[in-house]
Amino acid sequence: MIESLQEFTESLPTLLQWVGVLLAGAIPFVESYFGSVIGVFAGLNPVVAIVAAVVGNIISMVALVLGASTVRGKVARERESSPRREKLRTAFDKYGVAGVSLLGQSILPSQITSMAMVSFGASKDAVIRWQILSIILWGTAFGVLAAIGVDLIA
């Protein structure tokens, strides 16, 4: 899937390749970290690749958090539990919004962790703030590593 997204991005006109990275960053499991790598490998300036991937990831995460918050406010029903949800709930109880936001992307995409935290009762504003910080950090780290890797290969 990553290769397909990279090919899609490379197939766009040069001035629109950042749009491909933005769209890739909005996809769960691709997010800012792989989106920035896709952009760097497609030949975009690393700063443009990172910003586009981060913005795409933030847009999709905020939309889902706001949607989850609205649904949570309207629906009070028993949820089925899954092993991943229980693992996330345990991490949420132990580390809070900040910890799950910063480390949760190693377990699940930011879109899923952010919706889960809101469903656990976390403030949507706190979730959005911490997720934005996490998305920026992860996207920047992977984008810089990809740029260093490209420079080493070239």
Side-chain angles (χ1 to χ4, degrees), residues 1-70 84-85 87-154:
M1 180 166 100
I2 300 294
E3 289 177 16
S4 297
L5 290 168
Q6 183 179 341
E7 289 172 11
F8 167 72
T9 299
E10 290 172 342
S11 73
L12 295 171
T14 305
L15 291 175
L16 293 178
Q17 287 182 342
W18 64 271
V19 173
V21 175
L22 184 130
L23 293 172
I27 299 171
F29 295 103
V30 175
E31 305 200 41
S32 66
Y33 40 95
F34 289 133
S36 61
V37 171
I38 289 168
V40 169
F41 285 177
L44 282 173
N45 176 297
V47 173
V48 172
I50 291 167
V51 170
V54 165
V55 169
N57 197 173
I58 289 171
I59 289 170
S60 68
M61 179 275 301
V62 169
L64 291 170
V65 165
L66 295 176
S69 176
T70 300
R84 277 193 170 174
R85 184 173 171 81
K87 187 175 183 179
L88 189 58
R89 178 64 197 224
T90 301
F92 175 73
D93 291 341
K94 186 173 183 178
Y95 302 111
V97 172
V100 172
S101 294
L102 295 171
L103 301 174
Q105 292 194 34
S106 62
I107 300 170
L108 290 170
S110 61
Q111 296 93 336
I112 294 171
T113 57
S114 60
M115 287 189 310
M117 288 189 290
V118 170
S119 77
F120 298 152
S123 157
K124 70 179 179 190
D125 294 334
V127 169
I128 289 171
R129 279 193 306 272
W130 280 104
Q131 285 291 336
I132 287 172
L133 176 63
S134 176
I135 289 166
I136 291 169
L137 291 173
W138 282 83
T140 301
F142 275 69
V144 167
L145 290 173
I148 291 169
V150 167
D151 286 344
L152 290 176
I153 293 171

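Note that CG of Leu44 and CH2 of Trp18 are 11.0 Å apart. Values are rounded to the nearest 0.5 Å. Expressed to the nearest 0.5 Å, how far CG of Leu22 lies from CG of Leu16 amounts to 11.5 Å. Going from atom CD1 of Ile112 over to atom CD1 of Ile107 covers 11.5 Å, rounded to the nearest 0.5 Å. Here the CD1 atom belonging to Ile128 is positioned 10.5 Å from the CE atom belonging to Met117, to the nearest 0.5 angstrom. Separating the CD atom in Glu7 from the CZ atom in Phe41 is a distance of 14.0 Å, to the nearest 0.5 Å.
Side chains of Thr9 and Gln17: a donor-acceptor N/O pair is absent below 3.5 angstrom, by distance only.
In this structure a side-chain-to-backbone donor-acceptor pair under 3.5 Å is missing from Ser36 to Ile50.
Sorted by first then second residue, the salt bridge (charged side-chain N to carboxylate O under 4.0 Å, His left out) pairs that include residues 90-103, not counting sequence neighbours, are Arg89-Asp93. Each salt bridge (charged side-chain N to carboxylate O under 4.0 Å, His left out) pair with one or both residues in residues 12-28, not counting sequence neighbours, would appear here, but there are none. Legend: side-chain hydrogen bond (donor to acceptor under 3.5 Å, both in side chains) pairs involving residues 101-110, not counting sequence neighbours, sorted by first then second residue: Glu31-Ser110, Asn57-Ser110, Ser101-Gln131, Gln105-Ser134.
The ring pair (Phe, Tyr, Trp, His ring centres under 6.0 Å) test applied to Phe92 returns Phe120, not counting sequence neighbours. Scanning for salt bridge (Lys or Arg N to Asp or Glu O under 4.0 Å) contacts around Arg129 gives an empty result, with sequence neighbours left out.
Applying the 6.0 Å contact sphere to CZ of Phe29 captures more than 12 heavy atoms from other residues, nucleotides or ligands.
Contact record, Ala68 with Val118: C-CG1, 4.1 Å, taken as the closest heavy-atom pair. Closest non-hydrogen pair, Gly25 versus Gln111, comes out as O-NE2, 4.4 Å.
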message: If you apply the rule side-chain contact (heavy atoms from CB on, under 4.5 Å), what do you find for Leu108 with Leu88, and how did you get there?
response: CA-CA 9 Å; Leu108 290 170; Leu88 189 58; 4.2 Å; yes
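Under the 4.5 Å side-chain criterion, counting only non-hydrogen atoms from C-beta, Val21 is not in contact with Leu5.
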Check residues 136-150 and write down every donor-acceptor pair under 3.5 Å in which the side-chain atom is one partner and the other belongs to a residue at least two apart or another chain.
unit_1 : atom_1 : unit_2 : atom_2 : d
Trp138 : NE1    : Leu102 : O      : 2.9
Thr140 : OG1    : Ile136 : O      : 2.7

